[in-house]
Amino acid sequence: MRLSDFDVLTFDCYGTLIDWETGIGRAIGPWLTRHGVEATAEEALESFAVCQSAQEDETPAMLYSEVVARTLQRMARAWGVQATDAEARAFGAAVGDWPAFADSPAALRHLKRHYRLAVLSNVDRASFARSNEKLGVAFDAVFTAEDIGSYKPSPRNFEYMLARLAEMGVARERILHAAQSRYHDHAPAQKIGLRTA
């Protein structure tokens, strides 16, 4: 694969450009302490992933910040404690506070000189806007779960992105999708013929 084969680079955001693990850890750490939950950082992230996937499956049209809020309540139930509505809302609102990986802004600025850049993310527009401030680049297109009404790994998300990029004159074979998650991104993207990194 040669990067010169592509005109558009599409990115997953959380886990790829934004350090969601650190962000979740910072947001949930004080809550765990207040409620006396003894869970390692790894255990908390694993619980988050499981509970978030279940919530997304049940409520595909729900805004991501609300999905994250409900995820905390699911996690709390699994640990035998309760997360108040206020705690859940604060946890969901923290998505925009999650930090960018240190190299993301500079890398995106460099790539922007050579490619059109787009984001396909399991997020809502308001949360992404706050995250994008940390990334410091103007994306040519942003496609969110809020826009699409479903969450990756649903093929609908990739089909939506491809249709919008086609309207911009971009052929599928000229797109490279960059992401961290095999489950949410690589498998569904490759299944519909996208090349991934």
Note, Asp185 side chain near Thr196 side chain (heavy atom, < 4.5 Å): no
Heavy-atom side-chain contact between His177 and Phe158 under 4.5 Å: yes
Distance (rounded to the nearest 0.5 Å) between Tyr115 OH and Ile175 CD1: 14.0 Å
Neighbour count >12 (heavy atoms, 6.0 Å) for atom CZ, Arg182: no
Value rounded to 0.5 Å, distance of CH2 in Trp98 from OG1 in Thr22: 11.0 Å
Short side-chain to backbone donor-acceptor contact, Asp140 and Ala118, under 3.5 Å: no
Joint hydrophobic cluster, Val50 plus Ile28, side-chain heavy atoms closer than 4.5 Å: no
Gap between atom CZ of Phe139 and atom NZ of Lys112 - 0.5 Å precision: 8.5 Å
Stepwise side chain to side chain contact (heavy atoms under 4.5 Å, CB included) test for His114 and Leu9: CA-CA 10 Å; His114 305 282; Leu9 305 180; over 6 Å; no
CA sep, side-chain torsions, deciding dist, call: Glu43, Glu46, side chain to side chain contact (heavy atoms under 4.5 Å, CB included): CA-CA 5 Å; Glu43 290 167 339; Glu46 185 176 321; 5.7 Å; no
Non-hydrogen side-chain atoms of Ile148 and Leu120 separated by less than 4.5 Å: yes
Interatomic spacing from CD in Gln55 to CZ in Arg74 - rounded to 0.5 Å: 4.5 Å
Geometric class of the Trp79/Trp31 ring pair [parallel <30°, tilted 30-60°, perpendicular >60°]: tilted
Non-hydrogen atoms of Thr84 and Glu87 that approach each other most closely: N-OE1, 2.8 Å
Any His184 side-chain heavy atom under 4.5 Å of Asp12 side chain: no
Arg164 to Tyr160, cation-pi by 6.0 Å centre distance and 45° axis angle: yes
Any donor-acceptor N/O pair, Arg26 side chain to Ala94 backbone, under 3.5 Å: no
Backbone N/O of Gly96 and side chain of Lys134: donor-acceptor pair under 3.5 Å: yes
Verify same cluster id: Val137, Leu176 (apolar side-chain graph, 4.5 Å): yes
Same apolar cluster (I L V M F W Y, side chains within < 4.5 Å links), Leu162/Phe11: no
Note, Glu146 side chain near Phe128 side chain (heavy atom, < 4.5 Å): no
SB check Asp97 Arg130 (cutoff 4.0 Å): yes
Test item: Arg174 and Val8 side chains (from C-beta on) under 4.5 Å apart, heavy atoms: no
Short side-chain to backbone donor-acceptor contact, Arg172 and Ile192, under 3.5 Å: yes
Rounded distance (nearest 0.5 Å) linking atom SG of Cys51 with atom CE of Met75: 6.0 Å
same_hphob_cluster(Leu111, Met168) at 4.5 Å side-chain heavy-atom cutoff: no
NZ/NE/NH1/NH2 to OD/OE distance under 4.0 Å, Glu58 and Arg70: no
Aromatic ring pairing Tyr64/Tyr151, orientation class (parallel under 30°, perpendicular over 60°, tilted between): tilted
Minimum heavy-atom distance Leu72-Phe91, with the two atoms named: CB-CD2, 3.5 Å
Minimum heavy-atom distance between Asn122 and Ala145, given as atom pair plus value: CA-CB, 4.0 Å
Side-chain heavy-atom pair Asn157, Met161 within 4.5 angstrom cut-off: no
Rounded distance (nearest 0.5 Å) linking atom OG of Ser65 with atom CZ of Arg89: 11.5 Å
Heavy-atom pair with the smallest gap, counting every atom of Ser131 and Tyr14: OG-OH, 2.7 Å
Heavy-atom closest contact (Cys13 atom, Val119 atom, distance): CB-CG1, 4.2 Å
Polar side-chain atom of Asp147 near backbone of Thr144 as donor-acceptor pair, under 3.5 Å: yes
Flag if over 12 foreign heavy atoms under 6.0 Å of CD, Glu167: yes
Non-hydrogen side-chain atoms of Glu173 and Asp5 separated by less than 4.5 Å: no
Main-chain N/O of Leu63 paired with Asp124 side-chain donor or acceptor, under 3.5 Å: no
Exercise: identify the closest heavy-atom pair between Gln180 and Gly15: CB-O, 3.3 Å
ILVMFWY cluster, Val68 and Trp20 together (side-chain gap under 4.5 Å): yes
